[in-house]
There are 2 protein chains.
Amino acid sequence: MKRITIYDVAKEADVSLATVSRVINDSNVVREDTRIRVQKAIEKLGYKPNAIAQGLALSKTTTVSIVMGEKMFPYHAKILNGLMDVAKIYNYNIMFHTTSKGISRMQDVIESIIKSRVDGVILFNDNFSEDELEVLNEYQIPMVIVGSKIPETNIANVGNVYLDFEQMAYDLVNACFDKGVEDIALVEDKLNLSMMEQLKNGIDKAFEEKGKKFEKYISYDDSYKSSYVFLTEHFKKMKPSQMVITLRDSQAIAVLNASIEAGYKVPDDYELICILNNKYLNMVRPHISSYNIPEYDMGAVAMRLLTKMLVEDKDKRQPLNKQIEMTYSFLKRASVK
Amino acid sequence: MKRITIYDVAKEADVSLATVSRVINDSNVVREDTRIRVQKAIEKLGYKPNAIAQGLALSKTTTVSIVMGEKMFPYHAKILNGLMDVAKIYNYNIMFHTTSKGISRMQDVIESIIKSRVDGVILFNDNFSEDELEVLNEYQIPMVIVGSKIPETNIANVGNVYLDFEQMAYDLVNACFDKGVEDIALVEDKLNLSMMEQLKNGIDKAFEEKGKKFEKYISYDDSYKSSYVFLTEHFKKMKPSQMVITLRDSQAIAVLNASIEAGYKVPDDYELICILNNKYLNMVRPHISSYNIPEYDMGAVAMRLLTKMLVEDKDKRQPLNKQIEMTYSFLKRASVK
DNA sequence: TTGTACGCGTTATCAC
DNA sequence: GTGATAACGCGTACAA
């Protein structure tokens with residue numbers, strides 16, 4: 001079966017291809033009866049415009065790339081839903097790229113993004129360097145980084161939709177101080193080191209202001225099969241801090257299980273908070289406290305920001321605010337007093 | 001900054017664009033010194049071939065679409081990893097589409113797949129009808145369906161990488177019968193009705209062969225906030241079956257929590273199995289038994305099959321086996337005796 | 001080995 | 001309102 005083109009439709013409807021093109025693109029200069037004739041021809045032949053040819057002719061692909069660490073999949077699910085839903089509204093196609101840790105595959109991803117001539121890029125703040133942003137910037141590809149706050153940069157055309165995790169941690173620690181809780185631990189998550197750093201910065205700052213030094217950053221090397229295995233050992237030797245903070249459910253539940261099996265009780269012996277919320281925190285006993293993060297909205301806002309950036313050139317009325325901070329709230333559950 | 005094209009490179013290297021094209025595509029007919037000259041020009045100008053134009057010239061986009069239900073993201077993460085890794089090996093780009101339940105957005109997805117002129121499609125066996133496959137087939141788009149077994153179809157160009165969930169359930173129930181366990185329940189999962197049906201078919205078949213009828217299909221309507229809420233009520237009124245089977249972790253953990261809180265003990269009072277494995281099954285107590293499903297491999301095999309199908313026309317040596325059944329094994333954990 | 005010219009399927013700018 | 005025709009950027013027979 002021959003791929004049918006705009007020429008075939010033109011012949012079938014006995015018009016020129018220009019007219020067919022007009023019908024496709026809803027140009028209102030075409031007479032009603034010819035429009036109908038063309039529509040019928042399109043129907044009859046099952047014609048679908050070739051987006052590739054359109055892309056070439058318009059220098060616009062109506063496609064945006066999304067780049068995500070391959071292990072972050074389950075954790076970014078809701079953000080992705082937000083991204084996809086808004087993309088659908090604006091009729092954007094999505095090219096999806098994953099980066100694997102270790103070997104810097106980010107280079108390859110960037111390469112294919114540039115070759116694909118996508119109109120814009122959404123980056124998760126997992127794993128990329130400023131240099132890599134610089135490359136995308138040279139090729140004039142607008143991008144939005146979603147997740148955590150990125151450092152000040154002089155790269156143009158970069159948006160950022162974020163939560164201020166540093167502030168979150170800072171406030172949390174100060175709230176602890178107010179309650180007289182000063183023995184605070186933070187469990188490392190190797191999957192998202194940039195977020196860990198921001199949390200740690202916030203905690204450090206709070207401690208410093210108190211004239212103290214934060215020293216309970218719980219880290220472990222890869223020789224442990226899992227954080228649970230490590231923590232089981234850990235709690236044999238020492239008791240949990242008064243307040244234990246983790247980033248993801250896995251670490252939180254590992255802390256909970258390991259400590260319970262070591263004879264500790266939550267929240268009587270210590271309190272536990274997991275920064276990133278998900279349903280599993282409610283499936284364990286006691287339920288683990290967390291933060292209500294507007295994940296879906298972050299995705300939706302990020303994609304909407306990107307679409308705005310894509311039309312910014314043509315539509316230079318007012319400067320676009322490209323730094324959007326999202327808000328959160330604390331979800332108090334049984335794991336804290 | 002002007003988008004630089006193959007012409008710019010040609011001028012810079014003082015050759016024709018044909019030669020540049022040859023260098024890009026590793027044609028070995030080009031002399032070494034001119035190749036180097038061209039390479040240098042490419043470097044200097046930062047030229048990246050326009051994949052859109054290539055796609056138009058070659059009628060080939062080197063892109064495949066992946067279609068998935070938007071809620072299935074966390075559950076298909078590993079399959080997706082397999083898909084992405086193999087796609088990367090073959091240098092395929094990925095267009096990502098999600099379908100939402102309710103309003104049949106699948107139509108829109110198919111529309112954009114056709115327009116995009118992707119070379120092939122990977123479909124998760126979540127939510128699509130035979131009619132929709134038929135449309136893709138009319139447009140000659142090779143596709144591979146991954147997940148569960150699809151019914152016999154006379155649609156050409158369809159591959160299937162699957163687990164035989166019906167057989168799995170059938171074998172499981174018979175194993176129960178052998179142990180004298182005949183009171184078996186299956187908890188519904190509305191997120192994946194096609195898999196549920198296959199499981200139910202297997203159970204029905206085993207019961208029928210025993211001259212009995214399977215009647216404990218535990219279903220609940222959407223008025224319940226969650227399966228946990230429903231099950232909490234449920235176990236107040238009746239005790240768990242000897243063997244409870246669920247599809248996903250959420251239901252399994254809901255059963256576990258609700259039953260424990262109702263005073264039952266696992267596996268003493270009843271046994272529990274969750275078909276789809278994941279790490280959370282090991283985070284609850286007791287650990288929930290499950291099946292070891294080669295998810296990553298399913299993705300990898302599916303993508304590899306698709307790439308083979310894409311070159312099949314040119315390379316018609318032997319018929320390709322497009323029905324690939326994957327194997328699984330039982331993961332016995334503390335939730336069974 | 002290299003260059004010329006055409007085709008890939010559209011959109012947009014002209015004329016008419 | 002409609003129809004030629006030149007882009008868009010590249011691959012590739014064919015010619016040189």
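So you know, we letter chains A, B, ... as the sequences are listed, proteins then strands, and number each from 1. It should be emphasised that the depicted structure is a prediction, and the values quoted were computed from it without experimental measurement. Values reported hereafter were calculated over all heavy atoms of this structure, with side chains retained and with hydrogens, waters and symmetry mates removed.
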Enquirer: It should be established whether B/Arg31 places a side-chain nitrogen or oxygen under 4.0 Å from OP1 or OP2 of nucleotide C/dT2.
Expert: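 Looking at the OP1 and OP2 atoms of C/dT2, one of them is under 4.0 Å from a side-chain N or O of B/Arg31.
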Enquirer: Check every strand shown and say whether A/Val30 touches a base, only sugar-phosphate, or nothing at a heavy-atom separation below 4.0 Å.
Expert: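 Result for A/Val30 = sugar-phosphate.
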Enquirer: Between P on D/dG1 and CZ on A/Arg35, what's the gap in Å once rounded to a whole number?
Expert: 11 Å
Enquirer: Hey, which sits more toward the 5' end of DNA chain C by its nearest nucleotide, B/Leu56 or B/Glu32?
Expert: B/Glu32
Enquirer: Distance check: side-chain N/O of A/Ser21 vs OP1/OP2 of C/dA12, anything under 4.0 Å?
Expert: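 Checking C/dA12 against A/Ser21, no side-chain N or O comes under 4.0 Å of OP1 or OP2.
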Enquirer: With respect to the side chain of A/Ser16, which nucleotide from D/dA4, C/dT2, C/dG7 is positioned closest?
Expert: D/dA4
Enquirer: Taking only the side-chain heavy atoms of A/Ala18 (C-beta and beyond), determine which of D/dA4, C/dC8, D/dC10 contains the nearest atom.
Expert: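 Ranking D/dA4, C/dC8, D/dC10 by closest atom to the A/Ala18 side chain puts D/dA4 first.
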Enquirer: Heavy atoms only: give me the nearest B/Leu83-B/Ala302 pair and the separation to one decimal.
Expert: CD2-CB, 4.1 Å
Enquirer: For B/Ile114 and C/dG9, what is the distance between atoms CD1 and P respectively, to the nearest whole Å?
Expert: 16 Å
Enquirer: For D/dG11, does OP1 or OP2 lie under 4.0 Å from any side-chain N or O of B/Asn25?
Expert: yes
Enquirer: Relative to the ring of A/Phe73, is the ring of B/Phe73 parallel (under 30°), tilted (30 to 60°) or perpendicular (over 60°)?
Expert: parallel
Enquirer: At under 4.0 Å, does any side-chain N or O of B/Thr5 touch on OP1 or OP2 of D/dG9?
Expert: no
Enquirer: Taking atom types as modelled, is there a side-chain donor on B/Asn192 or B/Tyr75 under 3.5 Å from an acceptor on the other?
Expert: no
Enquirer: Starting at CG of B/Asp8 and ending at P of D/dG9, how long is that distance when rounded to a whole Å?
Expert: 9 Å
Enquirer: Taking NZ from A/Lys48 and C1' from C/dT10, how many angstroms apart are they, rounded to a whole number?
Expert: 17 Å
Enquirer: Give a yes or no on this: more than 12 heavy atoms of other residues, nucleotides or ligands lie within 6.0 Å of atom NZ of A/Lys322.
Expert: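 Enclosed.
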Enquirer: Please tell me if A/Gln54 has a side-chain N or O lying less than 4.0 Å from either OP1 or OP2 of C/dT11.
Expert: yes
Enquirer: Given atom CG of A/Leu17 and atom P of C/dA12, what is their separation to the nearest angstrom?
Expert: 13 Å
Enquirer: To the nearest angstrom, how far is A/Ile6 atom CD1 from C/dG7 atom C1'?
Expert: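 So the CD1-C1' distance, A/Ile6 to C/dG7, works out to 16 Å.
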Enquirer: Using whole Å, what does the distance between atom C1' of nucleotide C/dT13 and atom CG of A/Leu58 come to?
Expert: 14 Å
Enquirer: Need one value for B/Val15: base, sugar-phosphate or nothing, where a base atom within 4.0 Å counts as base even if backbone is also close, heavy atoms only.
Expert: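 Sugar-phosphate only.
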Enquirer: So, does A/Thr19 get its side chain near the phosphate of D/dG3, meaning an N or O under 4.0 Å from OP1 or OP2?
Expert: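 So the side chain of A/Thr19 is within the cut-off, an N or O lying under 4.0 Å from OP1 or OP2 of D/dG3.
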Enquirer: Taking all heavy atoms of A/Met143 and all of A/Met309, pick out the closest pair and write down the distance.
Expert: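 Of all heavy-atom pairs spanning A/Met143 and A/Met309, the closest is O-CE, 3.6 Å.
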Enquirer: Starting at atom CZ of A/Arg22, determine the distance to atom P of D/dG1, rounded to an integer number of angstrom.
Expert: 10 Å
Enquirer: Any side-chain N or O of A/Tyr7 below 4.0 angstrom from OP1/OP2 of C/dG7?
Expert: no
